[in-house]
Amino acid sequence: MRLSTFPGRPLAVLVSALLALAPALAVAQPAHAGPYVPKTPPLTTPWTSQVSLTNPLPEYPRPQLTRPDWQSLNGQWQFAGASSLASPPFGQTLAETALVPYPIESALSGIMRHQNYMWYKRSFTVPAGWTGRRILLNFGAVTYTAQVWVNGVSVGSHSGGFDAFTFDITGALNGGTNEIIVGVHSPSTRPASRWASSA
């Protein structure tokens with residue numbers, strides 16, 4: 001995930017595909033969430049152990065269009081499975097920690113299981129030098145439906161698992177620490193018959 005700015009124009013914040021959410025962005029990690037623990041993958045590469053646990057994939061996702069002011073929100077997020085997206089967990093601490101932007105089913109995410117519904121949550125601050133600019137929150141992709149809240153304010157929703165999308169979050173920000181919650185509905189694509197046993 002990434003935030004960026006342009007004087008007199010919307011500030012672009014890019015969330016580098018949460019599911020497969022930059023450098024100057026100060027991020028406050030939520031207290032008491034379970035620690036991030038990578039799972040053991042079924043197949044490793046020589047680079048698996050080299051993944052940063054605090055700033056994974058720190059590169060600007062579109063190097064030919066790099067903006068001078070931007071922040072990555074990749075890293076450790078609070079995480080919880082859910083039964084629906086009807087009740088966002090405002091003011092709550094989520095029990096697990098996921099490493100974004102890795103897919104939740106991957107070992108590097110720290111979760112390594114499928115969830116049809118899930119919550120991601122973290123805190124961040126906007127650099128003081130961005131005052132007077134529009135702040136955009138950019139997602140590379142979220143599979144499949146995403147609903148986003150900043151400081152308890154709904155800033156938008158999006159459906160579609162392969163395309164990027166952006167929300168202008170300027171009006172939802174405060175002058176200090178901001179809370180972002182991303183609710184995701186990622187229904188399984190496996191037919192129900194594949195899960196049924198043949199008796």
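Taking 4.5 Å as the limit, some side-chain heavy atom of L53 sits within range of a side-chain heavy atom of Q76. Side-chain contact check for H185 versus L85: some heavy-atom pair is nearer than 4.5 Å. You'll find the side chain of V184 stays beyond 4.5 Å of the side chain of Q115, heavy atoms only. For the pair L94 and P89, the minimum side-chain heavy-atom distance is below 4.5 Å. You'll find the side chain of Y120 reaches within 4.5 Å of the side chain of I104, heavy atoms only. L99 places a side-chain heavy atom less than 4.5 Å from the side chain of Y36. Between P58 and S52 there is no side-chain heavy-atom pair separated by less than 4.5 Å.
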Worked check of side-chain contact (heavy atoms from CB on, under 4.5 Å) between M118 and S186: CA-CA 8 Å; M118 62 204 93; S186 180; 3.9 Å; yes
Evaluation steps, side-chain contact (heavy atoms from CB on, under 4.5 Å), between Y102 and V100: CA-CA 5 Å; Y102 300 103; V100 170; over 6 Å; no
Criterion side-chain contact (heavy atoms from CB on, under 4.5 Å) on W130 and L173, from CA distance to verdict: CA-CA 12 Å; W130 292 8; L173 297 171; over 6 Å; no
Intermediate values then yes/no, side-chain contact (heavy atoms from CB on, under 4.5 Å), V150 and F167: CA-CA 11 Å; V150 175; F167 301 127; over 6 Å; no
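Note: L57 CG to N74 CG = 6.0 Å, rounded to the nearest 0.5 Å. Atom CZ of F124 and atom CD1 of I180 lie 5.5 Å apart (nearest 0.5 Å).
In this structure, the ring of W149 has its center less than 6.0 angstrom from the ring center of W119.
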Listing, residues 38-47 side-chain donor-acceptor contacts under 3.5 Å, not counting sequence neighbours, or none:
unit_1, atom_1, unit_2, atom_2, d
T45, OG1, W47, N, 3.1
T45, OG1, T48, N, 3.3
T45, OG1, T48, OG1, 3.3

Listed pairs under 3.5 Å, donor-acceptor, residues 152-165 side chains, sequence neighbours left out:
unit_1, atom_1, unit_2, atom_2, d
H158, NE2, D163, OD2, 3.3
S159, OG, T145, OG1, 3.1

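T177 places no side-chain N or O within donor-acceptor distance of the main-chain N or O of T125, the cut-off being under 3.5 Å. When atom types are taken as modelled, the side chain of N174 and the backbone of A172 share no donor-acceptor pair closer than 3.5 angstrom. Remark: the backbone N or O of Y60 is not paired with any side-chain donor or acceptor of R67 at under 3.5 angstrom.
For E179, the side chain to side chain contact (heavy atoms under 4.5 Å, CB included) partners two or more places apart in sequence, or in a different chain, are F90, K121, N151, I181.
Contact detail for S106 and S109: the closest heavy-atom pair is O-OG, 2.8 Å. Listed here is the closest heavy atom pair of A86 and S84: N-OG, 3.2 Å.
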